[in-house]
Amino acid sequence: MHESTTPLSINLLIFLLSAFLGLGLIRRVSKLLHTPLMSLTNAISSVSVVAALIVMAEPKNKMIMIFATIAVALAATNVISGFMITERILRMFKKDHGGKTP
Amino acid sequence: MHESTTPLSINLLIFLLSAFLGLGLIRRVSKLLHTPLMSLTNAISSVSVVAALIVMAEPKNKMIMIFATIAVALAATNVISGFMITERILRMFKKDHGGKTP
Amino acid sequence: MMGSLVSYLYVLSAVLFVFSLKWMSEVKTSRRGNWAGGAGMLIAVVATMIAYKTQHLDLVIIAMVVGTAIGIPIALKLPMTAVPQRTAMSHAFGSLAVALVGTAEYYQRLPEIDTFTMTVLAAEMILGYLTFTGSTIAFLKLQEMISGKPLIYKGRNIVSGLIVAIALGSAIGLIIAPTHPYFLPILVVAALLFGFLLVMGIGGADMPTVIAILNSYAGLSAAALGFVLDNQVLIVAGTLDGASGFILAILMCKAMNRSFASVLFGGFGATAAGQGAAVSGEIRPLSVEDAYIILEGASSVVFVPGYGLAVSQAQQAARELGEVLEKRGAEVSYGIHPVAGRMPGHMNVLLAEANVPYDQLIEAEQINAKMATTDVCVVIGANDVVNPAAQEDASSPLYGMPIIEVHKSRTVIVLKRSMRPGFAGVENPLFFKNNTRMLFGDAKATLQALVAEFAEK
Amino acid sequence: MMGSLVSYLYVLSAVLFVFSLKWMSEVKTSRRGNWAGGAGMLIAVVATMIAYKTQHLDLVIIAMVVGTAIGIPIALKLPMTAVPQRTAMSHAFGSLAVALVGTAEYYQRLPEIDTFTMTVLAAEMILGYLTFTGSTIAFLKLQEMISGKPLIYKGRNIVSGLIVAIALGSAIGLIIAPTHPYFLPILVVAALLFGFLLVMGIGGADMPTVIAILNSYAGLSAAALGFVLDNQVLIVAGTLDGASGFILAILMCKAMNRSFASVLFGGFGATAAGQGAAVSGEIRPLSVEDAYIILEGASSVVFVPGYGLAVSQAQQAARELGEVLEKRGAEVSYGIHPVAGRMPGHMNVLLAEANVPYDQLIEAEQINAKMATTDVCVVIGANDVVNPAAQEDASSPLYGMPIIEVHKSRTVIVLKRSMRPGFAGVENPLFFKNNTRMLFGDAKATLQALVAEFAEK
Ligand SMILES: NC(=O)c1ccc[n+]([C@@H]2O[C@H](COP(=O)([O-])OP(=O)(O)OC[C@H]3O[C@@H](n4cnc5c(N)ncnc54)[C@H](OP(=O)(O)O)[C@@H]3O)[C@@H](O)[C@H]2O)c1
Ligand SMILES: NC(=O)c1ccc[n+]([C@@H]2O[C@H](COP(=O)([O-])OP(=O)(O)OC[C@H]3O[C@@H](n4cnc5c(N)ncnc54)[C@H](OP(=O)(O)O)[C@@H]3O)[C@@H](O)[C@H]2O)c1
């Protein structure tokens, strides 16, 4: 995707479709799960690690490299802890007394 | 959009996002409205008139031109009758005895 | 990078289509939804005409005028009872358009067509042409211009399989050698034939589901054209449409308790012809006067309309009777089964046409909850959707289908012309129950006679 | 036209993110949803590393190892009661990352940055830096390392307005003259300062809503980077995330009966400090023994947990008491208010941690329908969410907020340490009602004492 530039209008379309889709999907999440939803989306928002990696590929100078490296570390922290905490929380939800997670 | 070609992957992404979105949206349509929904989507599917117009812009030969012209006429029939019938049906739905449509 | 104005118009159009479906979800916003769809279409067309300056504006205008001239009378004159047929017909139109465009684009691109484009085009043409003949047959069946019975003959599966093989074979041929002159005509003929046989082989009862699936195909073909022409508005609108047909088909199958696959591949197997336990017993016919007496004493009445209401155009008469009963203090509502009639939402539209307020139209589940406390159910030309065999007789082909449980009300009055079975061809034990009375005759005439009884007294 | 493998990996990743949220909608599929999200992330990262072969693989690996080394212990050791704080902290991390990438990209592109890119970058940096300081303050407030009270001083609006003006001014400066060396530092400082003041000015009670909004900002910044870097996976994932924070914030506002705008622009006005009618009357304190006697005779008990449950970590004790009561034949359920605690779903998570099966967790509306037939409500450290002033006192700041109507049950036992008001700072008339008994003390200790009573007898 980095070889050619996509017209802005197409990216806009993708943005709008994602926004509609996201609004519809989140509305349907059970109230029971709002806390793990927050930690999950928190992890997903760290997709910015992708941006950091792109910038880091060919940095023009040291400062850019340092900024991007810090960003990768920060985002990686979020990714790891975000998905792991979500998993930890979700494992707790059980339907029956003493039953195992489905 | 016709100046450059969009990578297939991007079109695929748009297709998938639209599919998810469509499935979510249609699921939420009240049963009351399934008939007008069918006539509406029927009209929308005649967006293929756009394709016919594109082909017709610079047809290489007569046959292509004739095919495209017929397609425009057929699609136009659907567009007009589709939206108009939907409107006619929807006007019938009233909440109160003898009340006007909202 | 900023792209042209036209590309933003396309985005706007796509967004309007999304809003169109979003707003269609409830009655309150549904008309806005329809207008949004219309606006989206207009913008898409205008943007296209700006972007691709056509050499043949005259032809475009003529085609559009012709389309409008045909479309407007259809839209204005169509009786509501004919909505299913008109949907089938317009699918035929739409898919023919899509198929012709695909074919034109094929010739336009010759002699250089890359593999991807050719694959999509071939799929698009197969879908388009088969939908064309399929929808035409569906139209003819619904309009009762040909028999609704599935066409069954020996070796049917072999013939169908052969035709599919030919269609796919010529598609592969085209993909390998796009310039070869014979593959395309073979593909077209095979696809047309396959659509014809597919829908000829499906019983009338499955026709609405078939229409929904064909609707889905039409949308997907438009989306396929979007891939070929690199046009995102085609992709978005086509896909939304494809999703719609798909979901409606699934919902219908659920309401009929049939597997989606059994309809989807219906062409390869006949609809289970109605069997089930033989039903016998005494039927209790009723005169209009007796029915009047029963209704007169009822304090809660539920009308359950079915296909017969559409056939006899009895919606106005039903509403009149309902109003008369309401004025006499009875509680009146309408129980709407999701597959009553011949298309999803059919009854809602007919009753809305007759000015029945939509909050009196109650869905099956809710009305069933009230059945035990209902005095009289008036079944107006419904049959399969009130067949208790669906709950009582495990050998019935309807077994497991959700029904409106009229037999649980105190008295059931069934309005129909004869003892003939309904669409599914299954006998109905309801007619033999102790609390059921048969009121034979055309539904509209019967209802009008009842209204007259009330007027007299 | 076919594009590279990497671009398809990106599509796969985007689809996985969509499925992740889809599956998150119900408990049954939620873990699958989390894994789908993780897989989407992994694929996105791997695809990026393939596509943009980095010159600094060593640094990337070190950064990832460091991130993992910090992330794992956080994830494993974090007590469930601290989830809100950790969310705030990780928003701080995430937004700093986004802001730094934006800044780096700015320097990378210098000296030629087109207007569009610069506009998006400026917006992205403002959002990123303000979210960083804002989330940090939110973290400190939730962790109670600084006071939860809104920072109010004279001329607050003017100062905030000034800082916003400076931030926007330098953004416009950058757009006009991207190479000017001063604009960026000014923009960064102003954004940082604005985020600081914004959240300092918001009362603790609005903190969860603020966190949700900041979550939304973090997602939108990622999407903005997607536009700048022409990367669709960033656009899709960022936008989905943006939508999520937005919806959660709206749902919270609804549950608290506050307008979205009043929170969104909260920085410019103090949270309405609790007033409402003065409440007076007699309170009826209770001993543990007396509470035992009441519970002993109850055949239906509803626990209503609130923030106090989290503070005293009483979830295990609550479940134990619940089980004891169940064993004695009482019907036990938990009434969960959507904004009980300090983040949406907070109570569900704590009780799930204590092995309470989730079908015993009942939403407010349903539990309210059963209140009149409930013998005893045990309010465990909840206050605002059971405040009947929300229904009875039009002058109360809580008026109109949906509550759990414990006062409609036969007897209410309130577990808290004092008569201090809850988060909203509003007096609670519930404590003075005839059917209310106050059981003072730390919730966990009290519950354990009750369990012990049952064990003895
Ligand atoms: N709606 C959908 O979307 C959909 C989709 C797929 C399949 N279907 C199928 O369509 C059927 C719908 O069930 P249904 O109960 O509505 O209809 P039905 O089972 O087809 O029964 C209709 C009844 O109406 C009677 N009738 C016909 N003309 C009449 C007239 N002029 N006056 C009075 N009665 C008249 C017929 O009996 P007489 O001939 O004795 O008068 C017939 O028994 C189901 O089998 C369903 O699965 C519907
Ligand atoms: N959950 C969310 O998403 C969210 C979002 C935005 C705002 N909020 C706000 O947060 C508040 C939540 O209401 P809530 O009823 O859960 O909590 P609350 O109104 O804040 O009341 C908590 C009560 O717990 C008691 N408590 C504290 N520590 C305790 C301990 N160790 N043992 C026993 N009791 C203890 C406190 O009284 P004592 O000090 O006397 O013990 C306090 O009155 C609402 O105002 C809501 O609007 C929540």
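Naming: A, B, ... by sequence-line order, numbering from 1 per chain.
Note on A:Leu25, A:Ile14, A:Val47, A:Val55: by heavy-atom pairs under 4.5 Å with chain D, the leading option is A:Val47. Among the candidates D:Leu96, D:Ile336, D:Ile247, the residue making the largest number of heavy-atom pairs closer than 4.5 Å to chain A is D:Ile247. Note: A:Leu33 leads A:Ile66, A:Leu33, A:Val72, A:Ile89 in heavy-atom pairs under 4.5 Å with chain D. Counting heavy-atom pairs closer than 4.5 Å to chain D, the top residue among A:Ala68, A:Ala75, A:Ala43, A:Gly82 is A:Gly82.
Interface residue D:Val83: only side-chain heavy atoms are found under 4.5 Å from chain A. In this structure, chain D has heavy atoms under 4.5 Å from both the backbone and the side chain of A:Val50. Both the backbone and the side chain of D:Ser20 come within contact range of chain A, judged by heavy atoms closer than 4.5 Å. When heavy atoms are compared at a cutoff of 4.5 Å, D:Met347 does not approach chain A at all. For D:Arg109, the part sitting under 4.5 Å from any heavy atom of chain A is the backbone (N, CA, C, O) and nothing else. Of the atoms belonging to D:Met64, heavy atoms from both backbone and side chain fall under 4.5 Å from chain A. Contact annotation for D:Glu26: only backbone heavy atoms (N, CA, C, O) come within less than 4.5 Å of a heavy atom of chain A. The parts of D:Leu76 that come within reach of chain A are both its backbone and its side chain, each placing non-hydrogen atoms under 4.5 angstrom from that chain. Contacts of D:Val18 with chain A are made by both backbone and side-chain atoms, with heavy-atom separations under 4.5 Å. Neither the backbone nor the side chain of D:Tyr106 comes within contact range of chain A; no heavy atom of the residue lies under 4.5 Å from a heavy atom of that chain. If you measure heavy-atom distances from D:Ile70 to chain A, the contacts under 4.5 Å come from both the backbone and the side chain. Heavy atoms closer than 4.5 Å to chain A are found in the backbone of D:Lys53, but not in its side chain. Using a 4.5 Å cut-off between heavy atoms, D:Asn215 touches chain A through its side chain atoms alone. Interface remark: A:Val79 contributes side-chain atoms only to the contact with chain D (heavy atom separation under 4.5 Å). Using a 4.5 Å cut-off between heavy atoms, D:Ala212 touches chain A through backbone and side chain atoms alike. The contact between D:Thr48 and chain A is made entirely by side chain atoms (from C-beta outward), counting heavy-atom distances below 4.5 Å.
Residue A:Glu58 places its CD atom among 12 or fewer non-hydrogen atoms of other residues, nucleotides or ligands, all under 6.0 Å distant. Atom CZ of A:Phe20 has more than 12 heavy atoms from other residues, nucleotides or ligands within 6.0 Å.
The minimum heavy-atom distance between D:Tyr8 and D:Ser4, with the atom names listed, is CD1-O, 3.2 Å. In plain terms, the two heavy atoms of D:Val101 and A:Ala71 that are nearest each other are CG2-CB, 3.5 Å.
The OG1 atom of A:Thr6 lies 3.5 Å from the CG atom of D:Asp230; values are rounded to the nearest 0.5 Å.
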